[in-house]
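The structure under discussion appears below in the form of structure tokens.
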Amino acid sequence: MTESTDLGPEDRKIVTLARSVRARNGVPEGAAVRDETGRTYAAGTVALESLKLSALQTAVAMAVASGATSLEAAAVVSEAATASDTDRAAVRDLGGPDTPVLLAGPDGTLRSAVAAG
């Protein structure tokens, strides 16, 4: 495990944003993505009767809806041990196979950093 402070400042920022969304909204996951211009989008899990999205899917959708054409990085804060295939696919669709997906625990400790690919 790696402390989030071992990340670069921009990656540390999206982990912090994801962590704060999770805590503030009381949702199972928080996520944040950074687009090609450096803008960030943070979101939590959506669990409605008619719509269910992971936090990372929601953050990617927010980026797309705001006009982003690519992603530089993505982060998710969760109890999960790995980033799900569907989360990595959403990141890959917008950012490409080499876009890093950072997974951190609720305390901000980085659990893994994998390519979306």
Side-chain angles (χ1 to χ4, degrees):
M1 290 188 211
T2 304
E3 293 296 318
S4 65
T5 55
D6 294 340
L7 298 171
E10 293 301 313
D11 288 343
R12 192 168 49 247
K13 176 183 174 183
I14 61 172
V15 169
T16 299
L17 287 170
R19 188 175 178 214
S20 66
V21 167
R22 181 181 182 271
R24 180 178 58 245
N25 295 349
V27 291
E29 294 181 337
V33 297
R34 184 176 61 250
D35 74 10
E36 73 281 1
T37 66
R39 290 179 295 182
T40 56
Y41 307 87
T45 308
V46 174
L48 301 173
E49 186 65 32
S50 63
L51 179 64
K52 299 198 184 318
L53 296 171
S54 73
L56 196 47
Q57 289 171 323
T58 306
V60 169
M62 290 171 61
V64 170
S66 296
T69 58
S70 183
L71 293 179
E72 291 181 348
V76 62
V77 172
S78 172
E79 295 282 352
T82 61
S84 74
D85 290 343
T86 55
D87 279 352
R88 290 186 12 255
V91 171
R92 185 175 55 247
D93 285 349
L94 185 57
D98 297 327
T99 305
V101 178
L102 310 171
L103 174 67
D107 63 354
T109 300
L110 187 66
R111 292 183 175 163
S112 67
V114 298

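Residue indices begin at 1 and follow the sequence shown. Note that the structure is a prediction, hence the values are computed from the model and not measured.
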Please check this pair: side chain of Thr45 against backbone of Glu29, looking for a donor-acceptor N/O pair closer than 3.5 Å.
yes
Nearest heavy-atom neighbours spanning Asp11 and Ala73
OD1-CB, 3.7 Å
Single-linkage hydrophobic cluster Val91~Val64, side-chain heavy atoms < 4.5 angstrom:
yes
Pairs where residues 37-60 contributes a residue and the test salt bridge (charged side-chain N to carboxylate O under 4.0 Å, His left out) is met, not counting sequence neighbours:
Asp35-Arg39
Rounded to the nearest 0.5 Å, what separation is found between the OG1 atom of Thr58 and the CG atom of Leu51?
7.5 Å
Closest approach of Ile14 to Ala32 (non-hydrogen atoms, all atoms of both residues)
O-CB, 3.4 Å
Looking only at heavy atoms, the pair that brings Ala115 and Arg88 closest together is O-NE, 3.7 Å
Transitive ILVMFWY cluster of Leu103, excluding itself - 4.5 Å side-chain cut-off
Val76
Using every non-hydrogen atom in the two residues, find where Leu94 and Ala63 come nearest and quote the distance to one decimal.
CD2-CB, 4.2 Å
Applying salt bridge (charged side-chain N to carboxylate O under 4.0 Å, His left out) as the test, list every pair that has at least one member in residues 72-83; sequence neighbours left out.
Arg22-Glu79, Arg34-Glu72
For the student: nearest non-hydrogen atoms of Ala75 and Ala18, plus distance:
O-CB, 4.1 Å
Can you check whether Val114's main-chain N or O pairs, donor with acceptor, with Ser112's side chain at less than 3.5 Å?
no
Residues that Glu36 engages under side-chain hydrogen bond (donor to acceptor under 3.5 Å, both in side chains), provided they are two or more places apart:
Thr69
Would the distance check show the side chain of Ser66 and the main-chain N or O of Met62 forming a donor-acceptor pair, the cut-off being under 3.5 Å?
yes
Which hydrophobic side chains are connected to Leu17, either touching it within the sub-4.5 Å cutoff or through other members that do?
none
Inter- and intrachain pairs under side chain to side chain donor-acceptor pair (under 3.5 Å), touching residues 89-103, at least two apart:
none
Is Val101 close to Asp87 at the side-chain level, that is, under 4.5 Å between some pair of heavy atoms?
no
What one should report as the nearest heavy-atom pair of Val77 and Pro106 is CG1-CA, 3.7 Å
Decide whether Leu71 and Leu56 are clustered together by the hydrophobic rule: side chain heavy atoms of Ile, Leu, Val, Met, Phe, Trp, Tyr closer than 4.5 Å, transitively.
yes
